[in-house]
Amino acid sequence: MSCVIPCRNEAGNLDLLLPRLLAVLEPLAPSWEVILVDDGSTDDTPQRLVEWARRAGIRSVELSRNFGKEAALTAGLQTARGEVVVMLDADLQHEPELIPTLLEKWREGADSVYAVRSNRADESLFKRLGARGFYALVNAGDRVKIPPDAGDFRLMDRAVVEALLALPECNRFMKGLYAWVGFRAVAVPYMPAARAGGRTHFRPMRLVSFALDGLIGFST
């Protein structure tokens, strides 16, 4: 099992997340690796990654600048060697204790298992309305259906990972690509935990830009 974690200015969160993640992985898989991808951090994240990478099973990848979360996820997938690959955020909103449930669904036959929000009650009105409008627009056609309220917290079989890596896009909208490659996908409901520390990098204008990437790439 591989775990891919994109990191941007997450120095304060890594020391909280990684002990919890390792406690989940060690009894769960006979062989595992954690891949930490530094996406152009400006705090002490690179130094923390170097220190954690001294431990067996933990590897770090440093991007040459801030390319964005989609690029960091792709770099992690390119590095991952596991039969299954789990992707989760470094801010503890994606709780590692859910990983055994994702793995069980894979063992039951799913190729991809994604965590989907139970509700958006904890988000601002702007974000709730924006998400509703985005999914309505992008799923209005019959080109590809992107599951509403699903994010990057997911487990994928090696076949799904290889299909994603075979796609040639440089400006990648991962939510759309997960749906585009197909395979048998199963949803697992969850409610994101509170962010452990720091602040989100997805400010309103960046969210709008991110939504436009998805609409332009996956609709006409």
Side-chain angles (χ1 to χ4, degrees), residues 1-10 13-14 17-18 21 25 32-41 45-46 49 52-53 58-96 98-99 102 106 111-117 134 138 144 146-147 149-183 185 188 190 192 195 198 200-202 206-207 209-214 217-218:
M1 174 182 288
S2 299
C3 287
V4 173
I5 305 175
C7 306
R8 185 174 183 225
N9 295 344
E10 301 287 0
N13 292 331
L14 289 172
L17 169 66
L18 291 175
L21 178 59
L25 292 179
W32 52 266
E33 63 178 357
V34 176
I35 299 167
L36 305 169
V37 184
D38 175 38
D39 183 25
S41 295
T45 296
L49 263 58
W52 274 104
I58 299 181
R59 306 163 67 194
S60 67
V61 176
E62 185 175 357
L63 303 188
S64 59
R65 64 169 174 84
N66 173 231
F67 285 92
K69 185 179 181 182
E70 313 294 281
L73 289 170
T74 300
L77 291 177
Q78 290 171 335
T79 307
R81 299 173 295 191
E83 182 183 4
V84 294
V85 179
V86 175
M87 299 193 299
L88 69 161
D89 290 348
D91 58 11
L92 279 90
Q93 289 194 292
H94 298 164
E95 296 183 293
L98 188 63
I99 293 175
L102 306 182
W106 172 76
D111 299 304
S112 179
V113 188
Y114 59 92
V116 60
R117 271 179 167 270
F134 168 76
V138 79
V144 63
I146 301 176
D149 302 327
D152 296 310
F153 189 17
R154 61 184 60 223
L155 178 149
M156 297 180 292
D157 184 87
R158 169 53 54 181
V160 181
V161 174
E162 294 298 333
L164 284 169
L165 294 178
L167 297 176
E169 285 84 355
C170 293
N171 185 24
R172 300 170 75 87
F173 181 71
M174 296 299 288
K175 286 186 179 182
L177 298 183
Y178 300 140
W180 177 261
V181 296
F183 295 93
V188 171
Y190 88 117
R195 184 178 173 87
T200 178
H201 299 287
F202 282 95
R206 188 165 182 180
L207 284 171
S209 176
F210 184 63
L212 286 173
D213 282 345
F218 288 90

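In this chain, residues are counted from 1 in sequence order.
- Side-chain atoms of Asn9 never come within 3.5 Å of backbone atoms of Thr45 as a donor-acceptor pair (strictly under, hydrogens ignored).
- Here Leu49 contributes atom CG and Cys7 contributes atom SG; the two are 5.0 Å apart, rounded to the nearest 0.5 Å.
- Residues that satisfy the side chain to side chain donor-acceptor pair (under 3.5 Å) test with Asp152, not counting sequence neighbours, are Lys69, Tyr178.
- Residues Arg8 and Asn66 have side chains in contact (heavy-atom distance under 4.5 Å, counting atoms from C-beta outward).
- Of the possible donor and acceptor atoms, one in the side chain of Arg158 sits under 3.5 Å from a partner among the backbone N and O of Gly82.
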Using the rule given for side chain to side chain contact (heavy atoms under 4.5 Å, CB included), can you reason through Leu36 versus Leu18, listing the C-alpha separation, both sets of side-chain angles and the distance that settles it, and then say yes or no? CA-CA 10 Å; Leu36 305 169; Leu18 291 175; 4.1 Å; yes

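- The shortest heavy-atom contact between Ala72 and Leu63 is CA-CD1, 4.0 Å.
- Rounding to the nearest 0.5 Å places CG of Leu73 at 11.0 Å from CD of Gln78.
- For the atom pair CD of Glu10 and CD1 of Ile5, the computed distance is 10.0 Å after rounding to the nearest 0.5 Å.
- Contact of the Leu77 side chain with the Met87 side chain is registered, since non-hydrogen atoms from C-beta on lie closer than 4.5 Å.
- We find the CG-CH2 distance between Leu21 and Trp32 to be 7.5 Å, quoted to the nearest 0.5 Å.
- When atom types are taken as modelled, the side chain of Ser41 and the backbone of Pro46 share no donor-acceptor pair closer than 3.5 angstrom.
- Judged by distance alone, with hydrogens and angles left aside, the side-chain atoms of Asp157 form a donor-acceptor pair with the main-chain N or O of Ala159 at under 3.5 Å.
- Taking Phe153 as the reference, His94, Tyr190 meet the ring pair (Phe, Tyr, Trp, His ring centres under 6.0 Å) condition, with sequence neighbours excluded.
- Atoms CD and OG, on Glu33 and Ser2 in that order, are 3.5 Å from each other to the nearest 0.5 Å.
- Listed here is the closest heavy atom pair of Ser60 and Ala53: OG-CB, 4.0 Å.
- In this structure, Ala80 and Ile35 approach most closely via the heavy-atom pair CA-CD1, 3.3 Å.
- Rounding to the nearest 0.5 Å places CG of Asp111 at 10.0 Å from CH2 of Trp106.
- Under the 4.5 Å side-chain criterion, counting only non-hydrogen atoms from C-beta, Asp89 is not in contact with Asn13.
- For Glu70 (side chain) and Met174 (main-chain N/O), a donor-acceptor pair under 3.5 Å exists by modelled atom type.
- In the displayed structure, Glu83 atom CD is contacted under 6.0 Å by at most 12 heavy atoms of other residues, nucleotides or ligands.
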